[in-house]
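Just so it is clear, the model here is predicted, and its values are computed rather than measured.
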Amino acid sequence: MNLSSTEPYSASTSASLNVVNDQDWYVISIRWKGPYEIKAGNYSVKVYSVQDENALKSVRKSGGNFILGNDSPVYYIKVFSNLSAEDFAYGPYTLTVTDQSKYASFGTAFDLGNWTSTNRPRPGVIPAGQYIAYYKFDIGPEDKVYASITRDLNSGPQIIALYDASGEYVDGRSSEEGGVITSASGRKRLIIPIDGNKCKGTAYLCAAREDDSYMNPSIATRLQRMSGTYKSSETAIATNTGYSTIINCNLRDTSSIPESAIVESVKVSVGIHQVSTGPGRTWFTICAPKDATGLKRSTHYINLALV
């Protein structure tokens with residue numbers, strides 16, 4: 001039997017069993033390893049791979065499918081009846097072989113649509129015995145996102161690779177080579193960063209696994225906007241030695257401030273505050289009016305950025 005040249009790969013042929021102990025044998029070569037549904041009407045089916053010295057080994061089933069891998073160049077299919085002589089019924093059958101893999105190539109990649117949409121479609125569960133799946137989504141040149149695969153304690157080795165709209169390899173991450181991060185909640189994810197300017201409008205993801213671990217990816221932005229108020233005791237430094245209203249302050253040593261934060265404003269409360277550029281030389285003094293308590297206080301706002 002020869003499988004079709006288009007996905008999903010399939011083949012079929014018709015025959016019949018004539019007597020109770022009758023058996024029909026077929027040989028087939030697969031185009032892609034994965035789960036295959038193999039049926040012969042009301043008759044039973046067994047599938048065998050070819051081992052060393054031409055020994056036949058029964059192929060395992062999972063989820064009702066035969067898992068055909070790369071351990072054999074061809075597979076043998078046996079169609080038979082396991083009924084007794086009294087129950088056996090002569091009759092024709094159609095043997096069908098159908099690849100049950102999902103999203104197994106660039107051409108059949110699951111379309112996640114626009115990654116910014118909250119109602120984007122969700123891919124189905126990848127069948128047991130399938131080890132590679134493809135996904136795609138639209139992305140603008142200005143977008144920066146993460147693609148991630150959730151892992152659990154039983155997850156085996158996994159790889160996620162990024163390709164552009166023309167199918168050219170861009171980047172990849174491996175669970176065995178530092179690609180896994182652990183969130184604050186303790187959840188582990190295999191993550192790959194994606195820059196839209198490298199994808200030519202469409203990003204393709206190839207997820208690969210060695211076992212039946214979960215492998216459908218999710219997409220999320222790398223840019224998160226949050227705000228907070230932080231205190232810092234760092235020293236501000238003047239930019240020149242003359243009169244100036246511009247000062248710089250390095251906030252990177254204040255550990256409470258997130259490393260990627262953008263400081264929009266700073267509130268400074270002072271009494272009489274002098275800033276000196278050198279020993280014995282005062283270049284700028286802030287004088288605040290007295291308040292009801294008799295203390296000299298004032299509030300000033302300056303723009304700052306991390307340097």
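Among pairs with a residue in residues 39-64, those fulfilling ring-ring contact (aromatic ring centres under 6.0 Å, His included) read Trp25-Tyr48, Tyr43-Tyr93, at least two apart in sequence or across chains.
Judged purely by atom type and a 3.5 angstrom limit, Gln158 uses its side chain to pair as donor or acceptor with the backbone of Tyr214. Counting only distance, with no hydrogens or angles, the side chain of Asn18 and the backbone of Tyr90 share no donor-acceptor pair below 3.5 Å. Side-chain atoms of Gln130 come within 3.5 Å of backbone atoms of Ile132 as a donor-acceptor pair (strictly under, hydrogens ignored). Of the possible donor and acceptor atoms, none in the side chain of Ser175 sits under 3.5 Å from a partner among the backbone N and O of Val180. Under the 3.5 Å distance criterion, the side-chain polar atoms of Asp211 are left unmatched by any main-chain donor or acceptor of Ser155.
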Kindly indicate, with the supporting measurements, whether the criterion side-chain contact (heavy atoms from CB on, under 4.5 Å) is fulfilled by Ile77 and Val97.
CA-CA 10 Å; Ile77 302 172; Val97 180; 3.9 Å; yes
Criterion side chain to side chain donor-acceptor pair (under 3.5 Å) on Ser12 and Thr96, from CA distance to verdict
CA-CA 4 Å; Ser12 65; Thr96 59; over 6 Å; no
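Under the 6.0 Å cut-off for aromatic ring centres, Phe110 and Tyr103 qualify, their centroids lying closer than that. Between Tyr36 and Tyr75, the distance from one ring center to the other does not fall under 6.0 angstrom.
Closest heavy-atom contact between Pro35 and Ser101: CD-OG, 3.4 Å. The two atoms that bring Arg189 and Ser148 nearest to each other are CD-OG, 3.6 Å, heavy atoms only. What you find for Ile67 and Ala128 is that their closest heavy atoms are CD1-O, 3.4 Å. Between Asn65 and Gln100, the shortest heavy-atom distance links the atoms OD1-CG, 3.5 Å. Nearest heavy-atom pair across Ala40 and Val45 is CB-CG2, 3.7 Å. What you find for Phe88 and Ser81 is that their closest heavy atoms are CD1-OG, 3.5 Å.
Around the NZ atom of Lys61, the shell of radius 6.0 Å holds more than 12 heavy atoms that belong to other residues, nucleotides or ligands. Counting heavy atoms of neighbouring residues, nucleotides and ligands inside a 6.0 Å radius, atom NZ of Lys78 exceeds 12 of them.
Here the CG atom belonging to Asp22 is positioned 12.5 Å from the CZ atom belonging to Phe80, to the nearest 0.5 angstrom. Rounding to the nearest 0.5 Å gives a distance of 8.0 Å between OG1 of Thr202 and CG of Asp111. Here the CG-SG distance, from Leu205 to Cys199, works out to 8.5 Å after rounding to the nearest 0.5 Å.
The closest side-chain heavy-atom distance from Ser166 to Lys200 is below 4.5 Å. Residues Lys102 and Pro127 are in side-chain contact: their nearest non-hydrogen atoms beyond the backbone lie under 4.5 Å apart. A 4.5 Å side-chain heavy-atom check between Asp24 and Leu17 finds at least one atom pair inside the cut-off.
Side-chain contact check for Gln51 and Ser49: at least one donor-acceptor pair (N or O, by modelled atom type) lies under 3.5 Å.
Contact check on Arg173 versus Asp171 returns a salt bridge, with a Lys/Arg side-chain nitrogen under 4.0 Å from an Asp/Glu carboxylate oxygen.
A single hydrophobic cluster is seen to contain both Tyr134 and Tyr9, as judged by linkage of ILVMFWY side chains at heavy-atom distances under 4.5 Å, directly or through other members. Placement of Tyr135 and Ile194 within a single hydrophobic cluster is found when ILVMFWY residues are connected by side-chain heavy-atom separations under 4.5 Å, directly or transitively. Trp32 and Phe106 fall within the same hydrophobic cluster, where Ile, Leu, Val, Met, Phe, Trp and Tyr residues are linked whenever their side-chain heavy atoms come under 4.5 Å apart, directly or through other members. In the hydrophobic clustering of ILVMFWY residues, with side-chain heavy atoms under 4.5 Å counting as a link, Ile30 and Tyr131 come out apart. There is a path of hydrophobic side-chain contacts, each under 4.5 Å, that joins Ile160 to Ile219.
Applying the side chain to side chain donor-acceptor pair (under 3.5 Å) criterion to Asp87, with sequence neighbours excluded, gives Ser84.
For the pairing with Ile192, the side-chain contact (heavy atoms from CB on, under 4.5 Å) check across Leu162, Val145, Ile159, Val170 returns one residue only, Leu162.
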